[in-house]
Amino acid sequence: MRSVTEVRGPAGRAPGPGRRSRRAVDHGPWFLVLPALIPILVLSVGPLLHGILLAFTDAQSGRTEPTRWIGTLNFRDLLHDTLFWESFRIGLVWTVGVTVPQFLLALGLALLLNQDIGLRWLARALAIVPWAMPEVVVGVMWRLVYNPDAGVLNETLRDLGLGGDRDWLSGLATALPAVIVVGVWAGMPQTTVALLAGLQNTPRELHEAAAVDGAGAWRRFRTVTWPAIRPVALAVTALNLIWNFNSFALVYVLTNGGPGGRTRLPMLFAYEEAFRYGQFGYAAAMGCVMVAAISVLLAVFLVGRLRGGDGT
């Protein structure tokens with residue numbers, strides 16, 4: 001008669017198919033992830049790596065010679081390109097100018113929509129309408145609003161006796177603020193939805209307990225509401241920084257970077273270099289700089305916010 005050790009094996013476990021199937025099951029999650037991972041690798045990681053390699057070449061459109069490896073020449077030329085760095089400055093102004101009002105207005109709207117008001121369902125539906133509209137449609141619509149001759153804005157100003165003869169999108173002083181207003185309006189819905197979801201996950205008992213203790217509205221917001229929605233606010237603000245810095249279609253439709261480059265964001269500049277002037281390698285170098293810049297900006301923002309949260 002065989003011993004238990006001989007049957008179970010030296011480790012006390014039954015050998016054979018059972019152990020092989022357990023090792024096979026360990027690889028199961030990878031097969032579940034692959035359908036989502038493959039499109040990311042093909043459509044995101046692959047083009048990113050190709051763009052980085054392209055930045056170190058002299059790739060141009062219409063040339064018959066083979067593309068040559070030129071090292072960091074594109075980046076050295078970029079360091080002295082004042083037009084690009086001016087567009088970079090405009091991009092930072094645009095990013096902050098859109099993200100900050102966008103968050104504040106979305107927070108106020110989310111707090112309002114979280115209250116027990118009449119027709120709240122209708123107000124919530126209307127609040128996300130700009131989110132459902134394509135950026136091209138939003139740009140065309142706001143061009144009509146800003147039209148200097150028959151636009152709604154100038155017509156309203158004329159009715160109020162405030163002039164109303166300004167060309168908002170062509171004026172050197174008004175073009176960027178006018179575009180920022182559109183960016184805030186178009187991007188506010190998704191921020192509102194995210195913050196509203198965070199507010200709805202805040203237990204009402206905490207607010208009731210704070211009210212019983214005599215806390216006013218501002219104190220309840222500071223001690224109960226804000227700590228509860230702070231992770232959501234941090235995540236949505238970080239995403240907004242990325243999305244706004246990489247904006248293209250909205251500004252392209254509104255002003256095409258004009259007047260005089262006053263609304264030429266970095267993405268617009270890179271687009272022109274690649275598809276108007278055919279400098280693919282140089283445009284790829286711009287893209288690499290923008291990716292690095294937004295990564296640094298995002299890291300500084302997240303570290304600052306996380307350190308601020310540790311101190312509260």
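Not measured: the values here are computed from a predicted model.
Going from atom CG of Leu153 over to atom CG of Leu157 covers 5.0 Å, rounded to the nearest 0.5 Å. Note that CG of Asp58 and CZ of Arg68 are 4.5 Å apart. Values are rounded to the nearest 0.5 Å. Summarising the geometry, atom CG belonging to Leu73 is positioned 11.0 Å from atom OG1 belonging to Thr57; distances are rounded to the nearest 0.5 Å. In this structure, the separation between CD1 on Ile180 and OG1 on Thr95 is 9.0 Å, given to the nearest 0.5 Å. To the nearest 0.5 angstrom, Leu265 atom CG is 10.0 Å from Phe248 atom CZ. The distance from the CZ atom of Phe103 to the CE atom of Met188 is 13.0 Å, given to the nearest 0.5 Å.
The nearest pair of heavy atoms linking Pro266 to Ser87 is CD-O, 3.3 Å. Annotation for Ala233 and Val236: closest pair O-CG1, 3.4 Å, computed over non-hydrogen atoms. Among all heavy-atom pairs drawn from Ala175 and Leu169, the shortest one is CB-O, 3.8 Å. Closest non-hydrogen pair, Cys288 versus Ala55, comes out as SG-CB, 3.9 Å. Nearest heavy-atom pair, Pro47 versus Ser44, reported as atom, atom and distance to 0.1 Å: CD-O, 3.5 Å. Nearest heavy-atom pair, Leu109 versus Ala127, reported as atom, atom and distance to 0.1 Å: CD2-CB, 4.0 Å.
There is no path of hydrophobic side-chain contacts, each under 4.5 Å, that joins Trp185 to Trp131. No continuous path of ILVMFWY side-chain contacts below 4.5 Å connects Val138 to Val253, so the two sit in separate hydrophobic clusters. Linking Ile, Leu, Val, Met, Phe, Trp and Tyr residues whenever their side-chain heavy atoms come within less than 4.5 Å places Leu79 and Leu83 in a single cluster. Val251 and Leu172 are assigned to two separate hydrophobic clusters, defined by single-linkage of ILVMFWY side chains at heavy-atom distances under 4.5 Å. Linking ILVMFWY side-chain heavy atoms closer than 4.5 Å, directly or via other members, places Trp243 and Leu234 in two distinct hydrophobic clusters.
A heavy-atom distance below 4.5 Å is not found between the side chains of Asn154 and Asn147. The shortest distance between side-chain heavy atoms of Met267 and Met286 does not fall below 4.5 Å. Side-chain contact between Trp85 and Val289 is present, with at least one heavy-atom pair separated by less than 4.5 Å. Side-chain contact between Val193 and Ile128 is present, with heavy atoms from C-beta onward closer than 4.5 Å. Using a 4.5 Å heavy-atom cutoff, the side chains of Val136 and Tyr252 are not in contact. Using a 4.5 Å heavy-atom cutoff, the side chains of Leu107 and Phe221 are in contact. Taking the side chain as every heavy atom from C-beta outward, Asn74 and Phe56 never approach each other to under 4.5 Å. Looking at Ser247 and Leu250, their side chains never come closer than 4.5 Å, going by heavy atoms from C-beta outward.
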Are Ile242 and Asn246 close enough, and set up right, to give a side-chain contact (heavy atoms from CB on, under 4.5 Å), and what steps lead you there? CA-CA 6 Å; Ile242 298 174; Asn246 292 326; 3.7 Å; yes
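Of the residues listed (Asn240, Asn244, Thr191), the one engaging Thr99 in a side chain to side chain donor-acceptor pair (under 3.5 Å) is Asn244, and it is the only one.
Looking only at distances, no side-chain donor or acceptor of Thr174 sits under 3.5 Å from a matching main-chain atom of Ser170. Of the possible donor and acceptor atoms, one in the side chain of Thr263 sits under 3.5 Å from a partner among the backbone N and O of Gly258. No donor-acceptor pair under 3.5 Å is formed between the side chain of Asn114 and the backbone N or O of Ala110. Between the Asp165 side chain and the Pro148 main chain, no donor and acceptor come within less than 3.5 Å of each other.
A 6.0 Å sphere centred on CH2 of Trp121 holds no more than 12 heavy atoms belonging to other residues, nucleotides or ligands. Few gaps surround CZ on Arg158; more than 12 heavy atoms of other groups in view lie less than 6.0 Å from it. Other residues, nucleotides and ligands contribute more than 12 heavy atoms inside 6.0 Å of the CZ atom of Arg220.
Taking the six-membered ring for Trp and the full ring otherwise, Tyr282 and Tyr277 have centroids separated by 6.0 Å or more. Between Phe245 and Phe88, the distance from one ring center to the other falls under 6.0 angstrom.
Between Arg264 and Glu86 there is no salt bridge, since no side-chain N of the basic residue sits under 4.0 Å from a carboxylate O of the acidic one.
Under a cutoff of 6.0 Å and an axis angle of 45°, Arg166 and Trp168 form a cation-pi pair.
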